[in-house]
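The structure under discussion appears below in the form of structure tokens.
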Amino acid sequence: MAAQNIDEVVDGLADIVREAARTGDRIGYFAALYRQVTVEIRTAIHEGRFEDGPRMDRFDTLFGNRYFEAYDAWRRDRSGPRCWRETFGLLDDSDTVIVQHLILGVNAHINLDLAVATARTSPGEDIQALRHDFLLINDILARVVLAVQDSVDAVSPLLSLLDRVGGRTDEQILDFSIVQSRAEAWHNAVVLSAQTEQQQTATIERLDVRAAVLARLIARPGALVRPALELIRHTESGDVAAVIAHLDGAMEGAE
């Protein structure tokens, strides 16, 4: 699939969510989160909250197509970027809890795809004009993360154990990952925007390798957190379709 505008990105994500709910595929967890973020960005565009709405439509389309390309490559022959292969490869792993699937998707899409989409939206010196709107998305993400946190807590009631053993809550894990990753993505986008095509290829490869390493750390965290994850796994909902529906309605429940 290849979207031509943000409406088609929303529709494409909704299709993935529906199919995942029908088949009980955990790929719908991150897709549900991502769909809601995209809907909120589209609303902000329509409300004129960005300095350049058409540019943000182009940006979100490029960004969404990065995810669709990775999704299609995985479905076709288990190919695609390393970090997405690490992420999709854990979909059938019964040891991976809901919040890990969400963070794995966030990691791949932000630590690799975001910098690429940003640089391609505004190459060269034009990238600095995008900074205000890029940062405005942080506020939108914060709202969605809070809503999704409540949804995750409802289907994974012992997730608060991470706070006791790891020193941070599920909200902080998601929010910290997003905020820090987006700050790094902006830096990398600026780098990419000034590079030649050959240099960009090398930089993108480096970003992919780094995001793949982070994916492995997310999937298999330190020994201190593992006992808590084991307890969480045994108490959270195993009804994949129900979890997807719950996550996909997070923003509606927050309104």
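Computed from a prediction, not measured in an experiment: that's the story for all the values here.
The shortest heavy-atom contact between Ile127 and Ser193 is CG2-OG, 3.7 Å. Heavy atoms only, all atoms of each residue included: Arg35 and Val10 are closest at CG-O, 4.3 Å. Between Ser181 and Ile110, the closest heavy-atom pair is CB-CG2, 3.4 Å. Residues Leu90 and His101 approach most closely at O-CE1, 3.2 Å, considering heavy atoms. Taking every heavy atom of both residues into account, Gln199 and Thr196 meet most closely at OE1-N, 2.9 Å. In terms of heavy atoms, Ile244 sits closest to Ala21 at CD1-N, 3.8 Å.
Contact check for His187 versus Val190: no side-chain heavy atoms found under the 4.5 Å cut-off. Residues Met56 and Leu136 are not in side-chain contact: their nearest non-hydrogen atoms beyond the backbone lie 4.5 Å or more apart. Counting heavy atoms from C-beta outward, Asn111 and Glu184 have side chains that approach closer than 4.5 Å. In this structure, the side chains of Glu236 and Val243 stay at 4.5 Å or more apart for every pair of heavy atoms. Ile137 has its side chain within reach of Phe59: a pair of non-hydrogen atoms, C-beta onward, lies under 4.5 Å apart. When side chains are defined from C-beta on, Phe30 does not count as touching Leu13, because their heavy atoms never get closer than 4.5 Å.
Using cut-offs of 30° and 60° on the angle between ring planes, the pair Phe63 and His109 is parallel.
Between atom CG of residue Leu192 and atom OG1 of residue Thr201 there is a gap of 9.5 Å, rounded to the nearest 0.5 Å. We find the CG-CG distance between Leu207 and Asp113 to be 10.0 Å, quoted to the nearest 0.5 Å. Taking CZ from Arg233 and CD from Glu230, the interatomic distance works out to 4.5 Å, rounded to the nearest 0.5 Å. In this structure, CG on Leu114 lies 11.5 Å from CG on Leu62, to the nearest 0.5 angstrom. Between atom CD1 of residue Ile41 and atom CD of residue Gln36 there is a gap of 12.5 Å, rounded to the nearest 0.5 Å. Rounded to the nearest 0.5 Å, atoms CZ (Arg42) and CD (Glu40) are 10.0 Å apart.
Checking side-chain atoms of Gln100 against main-chain N and O of Val97 turns up a donor-acceptor pair under 3.5 Å. Not one N or O on the side chain of Arg82 forms a donor-acceptor pair closer than 3.5 Å with the backbone of Val209. Under a 3.5 Å cut-off, the side chain of Ser122 and the backbone N or O of Thr118 do not form any donor-acceptor pair. Using modelled atom types, one side-chain atom of Glu8 and one backbone atom of Gln4 make a donor-acceptor pair closer than 3.5 Å. Arg85 places a side-chain N or O within 3.5 Å of a backbone atom of Gly80 that can act as its donor or acceptor partner. Here the side chain of Asp208 pairs a donor or acceptor atom with the backbone of Cys83 at under 3.5 angstrom. Side chain of Arg26 to backbone of Leu91: a donor-acceptor contact under 3.5 angstrom is found. The backbone N or O of Ala2 sits nowhere less than 3.5 Å from a side-chain atom of Asn65 that would complete a donor-acceptor pair. With hydrogens and angles disregarded, no donor-acceptor distance shorter than 3.5 Å links the side chain of Asn5 to the backbone of Asp57.
The salt bridge (Lys or Arg N to Asp or Glu O under 4.0 Å) check on Asp60 picks up nothing, with sequence neighbours excluded.
Among the candidates Val17, Leu33, Val152, the single residue satisfying the side chain to side chain contact (heavy atoms under 4.5 Å, CB included) test with Leu247 is Val152. In summary, of the residues considered (Val213, Ile218, Leu214), a side chain to side chain contact (heavy atoms under 4.5 Å, CB included) with Arg216 occurs for Val213 alone.
In the hydrophobic cluster analysis, where Ile, Leu, Val, Met, Phe, Trp and Tyr join through side-chain heavy atoms closer than 4.5 angstrom, Ile204 is grouped apart from Trp74. Both Ile6 and Phe68 are part of a single hydrophobic cluster, where members link through side-chain heavy atoms under 4.5 Å apart. Cluster membership for Leu112 and Phe134, using ILVMFWY side-chain heavy atoms within less than 4.5 angstrom, is not shared. Linking ILVMFWY side-chain heavy atoms closer than 4.5 Å, directly or via other members, places Val99 and Tyr34 in a single hydrophobic cluster. In the hydrophobic clustering of this structure, Ile45 does not group with Val39; members are Ile, Leu, Val, Met, Phe, Trp, Tyr whose side-chain heavy atoms approach within less than 4.5 Å, directly or through other members.
Within a 6.0 Å sphere centred on CG of Asp77, heavy atoms belonging to other residues, nucleotides or ligands number more than 12. Counting non-hydrogen atoms of neighbouring residues, nucleotides and ligands closer than 6.0 angstrom, the CD atom of Glu47 exceeds 12 such neighbours.
The pair Arg75-Asp25 meets the salt-bridge criterion, since a charged nitrogen lies less than 4.0 angstrom from a carboxylate oxygen. At a threshold of 4.0 Å, the pair Asp248-Arg18 does not count as salt-bridged, since none of the basic side-chain nitrogens sits closer than that to a carboxylate oxygen.
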For this session: Please test Arg220 against Asp93 for salt bridge (Lys or Arg N to Asp or Glu O under 4.0 Å), starting from the C-alpha separation and ending with a verdict.
Result: CA-CA 12 Å; Arg220 299 290 180 265; Asp93 184 349; 2.7 Å; yes
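Taking the six-membered ring for Trp and the full ring otherwise, the centers of Trp84 and Tyr71 sit at least 6.0 Å from each other.
For Arg78 and Phe88, the positive end is not near the middle of the six-membered ring at less than 6.0 Å and at most 45° from its axis.
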